[in-house]
Amino acid sequence: MIQSLRGMNDILSEEYERFEYFLTTASTIAKRYGFHYIETPLLEETALFKRSVGESSDIVGKEMYQFIDKGENDVCLRPEGTAGVVRAFVQHKLDKKGGIHRFYYNGPMFRYERPQKGRLREFHQFGVESFGVDSVYEDALMIMMVADILKALGIGYRLKLNSLGDQNCMPAYREQLVGFIESCGDAICGDCERRKLTNPIRVLDCKNEACQILYINAPKLIHHLCEGCQSDFDTLKTILDQHDIAYEIDTNLVRGLDYYSKTAFEFVSDNIGSQSAIAGGGRYDRLIEFLDGKPTPAVGFALGIERLMELIVMPETVREGYYLGAMDAQAVTPILLCAEKIRRTQKAVVEYEPRSLKAHLKGADRINARYCAVIGENELAQNTIWIKDLVEKTESVIPMNELLSLLAL
RNA sequence: GUGGGUGUAGCUCAGUCGGUUAGAGCAUCAGGUUGUGGUUCUGAGGGUCGUGGGUUCGAUUCCCAUCACCCACCCCA
């Protein structure tokens, strides 16, 4: 038997209902916030991700589905959504056009990781990117939008907030931190030794207790923000307070993608295992110029759909549409004709095998139909159809030619 | 990539200290006399015991490999 590739799942009917419910909910909210849909290719030039996400990141360093195509192009399946949207933004010269551009997207992302709960090799994200707005109000808007979406889906969360600084304060801080780590000498663990070079801030949330003791007095970026970053961060906190959005400052919160600066946030859930991040985002003011565009301020976020699906509280399903069945082989033809009429406005599912009334009622119940419509010997003789409302538990026999007017009601 | 666990019917799981026809619940289908569901009763169908090797007279049970899933690390959505 041929199986799907490791970490790549099919999304079957019942599960897809959740998926679709999520998408409509999230898209509706994004549109209300003034965002427009954008679709970008799944396959992009590898260089795009190397320059945006960053070669030092795990995502680019070891998780990309990268290959050379038949035209000798170095390509890869997108591991995240932002890079492609920024590429499109620059390619279509929207940076030069100026103004504000707000997009939302959704689709599969690919990362060659070891699968576990909430971590797949092909997974789906819903994301939003905003270009051209400098103000922290836009950062707050992002967070409010995620909060809105999660609320609409009945999902509880914790919001972690941090500021990563900008080119004025970040590099200086980074240097200071690396200096501090070096002062610890050989006492730090192997992981930290590696992090020191790749992503020094990660050192601060090392799980190793010995390391933690060493880092108690490590400099924190939050205390070394420049004036602009500090006041933006303060404003952001104020806005969130005003909107009753609870948050916790996590000075160790680092986004794993190199392009972030200033605001960084992560929504986490305690109910889905160790892969607890359900949404993450932040500001990335430098990315557009990294990708050869005109410097443009930008913020965005992405939600992990599969992780969310575990948490979504679905609205109660209501019975809808018709189930049609025949009790006599002769009745199959009129049943099919009825179904065709019903389907002009409503759902109609036909059972082709003639069966007992009991079997049909069971069938109607199973597919959660509102009405069970059956034609048997009696109805056939009188050119009528028997219809039972499975909710009201009422039944009636109506002439076939009245069926359409009944449906119009 | 590292460490640990699991893999028996569609689903959830028993079981076999290696020995003939592998079990349960749920689900499915059919019946409980004449055309009524989401609750019951009876019965039926359905498994090469993840896959491939090895040990053995004999393996679903033991060993090895492999694949998939789960957990932790790592990382992130």
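Just so we're on the same page: letters track the sequence lines, and every chain starts at 1. Nothing here was measured: the structure is a model prediction, and the numbers come from that model.
As rounded to the nearest Å, U56(B) and C63(B) have P atoms that lie 16 Å from one another. Distance check on atom C1': U21(B) versus C49(B) gives 16 Å, rounded to whole Å. G3(B) and U48(B) have their C1' atoms separated by 34 Å, with the value rounded to a whole Å. Distance noted for atom C1' between U60(B) and G47(B): 11 Å (whole Å). A distance of about 14 Å separates the P atoms of G46(B) and A24(B), rounded to the whole Å. Straight-line distance between the P atoms of C69(B) and C11(B): roughly 15 Å, to the nearest whole Å.
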Do any N or O atoms of the protein come closer than 3.5 Å to N or O atoms of nucleotides 43-45 of chain B, and which pairs are they?
none

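Between Tyr104(A) and Tyr37(A), the distance from one ring center to the other falls under 6.0 angstrom. Close placement of the Phe19(A) and Tyr16(A) rings is indicated, their centers lying within 6.0 Å of each other.
Within the structure, ring-ring contact (aromatic ring centres under 6.0 Å, His included) pairs that include any residue of residues 304-341 of chain A comprise Tyr322(A)-Tyr371(A), Tyr323(A)-His360(A) (at least two apart or interchain). Residue pairs satisfying the side-chain hydrogen bond (donor to acceptor under 3.5 Å, both in side chains) criterion with at least one member in residues 135-148 of chain A, sequence neighbours excluded, are listed as follows: Tyr33(A)-Asp148(A), Arg102(A)-Glu138(A), Ser130(A)-Glu138(A), Asp139(A)-Thr263(A), Asp139(A)-Arg283(A). Among residue pairs with one or both ends in residues 316-338 of chain A, those qualifying as salt bridge (Lys or Arg N to Asp or Glu O under 4.0 Å) are Arg319(A)-Asp365(A); sequence neighbours excluded.
In this structure, CG in Asp10(A) is found 9.5 Å from CD in Glu122(A), a value given to the nearest 0.5 Å.
By the salt bridge (charged side-chain N to carboxylate O under 4.0 Å, His left out) test, Glu63(A) is found to be paired with no residue, residues two or more places apart in sequence or in another chain being considered. With sequence neighbours excluded, no residue forms a salt bridge (charged side-chain N to carboxylate O under 4.0 Å, His left out) with Asp95(A). Among residues two or more places apart in sequence or in another chain, the salt bridge (charged side-chain N to carboxylate O under 4.0 Å, His left out) test is passed with Lys341(A) by none. Residues passing the side-chain contact (heavy atoms from CB on, under 4.5 Å) test with Phe123(A), sequence neighbours excluded: Met109(A), Arg111(A), Leu120(A), Gln125(A), Glu306(A). Considering only residues two or more places apart in sequence or on other chains, Glu248(A) meets the salt bridge (charged side-chain N to carboxylate O under 4.0 Å, His left out) condition with Arg158(A).
Remark: of the listed residues Asn383(A), Ile335(A), Leu324(A), Thr384(A), Ile335(A) is the sole one forming a side chain to side chain contact (heavy atoms under 4.5 Å, CB included) with Ile375(A).
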Sequence-aligned protein contact record of nucleotides 27-37 of chain B, with B where the base is within under 4.0 Å of a protein heavy atom and S where only the sugar-phosphate is: -SSS-B--BBB
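Along RNA chain B, the nucleotide closest to Lys62(A) and the one closest to Ser4(A) are compared, and the more 5′ of them pairs with Ser4(A). If Glu306(A) and Arg6(A) are placed on RNA chain B by their nearest nucleotide, the residue sitting closer to the 5' end is Arg6(A).
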RNA chain B base-pair string [pairs: Watson-Crick or G-U under 3.5 Å; |: paired with another strand]: (((((((..((((.....[...)))).((((.........)))).....(((((..]....))))))))))))....
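Inter-residue side-chain proximity for Ile38(A) and Phe89(A) is flagged as unmet; no heavy-atom pair is nearer than 4.5 Å.
Contacts between residues 115-124 of chain A and RNA chain B, defined by a heavy-atom separation below 4.0 Å, involve Gln116(A), Lys117(A), Gly118(A), Arg119(A), Leu120(A), Phe123(A), listed by number.
Using cut-offs of 30° and 60° for the angle between ring planes, the Phe103(A) and His101(A) rings count as parallel.
Note on Ala302(A): only backbone sugar-phosphate atoms sit closer than 4.0 angstrom, heavy atoms only; bases stay farther off. Here Gly7(A) lies in heavy-atom contact (under 4.0 Å) with sugar-phosphate atoms only.
Between Arg114(A) and G1(B) there is no side-chain polar atom (N or O) within less than 4.0 angstrom of OP1 or OP2.
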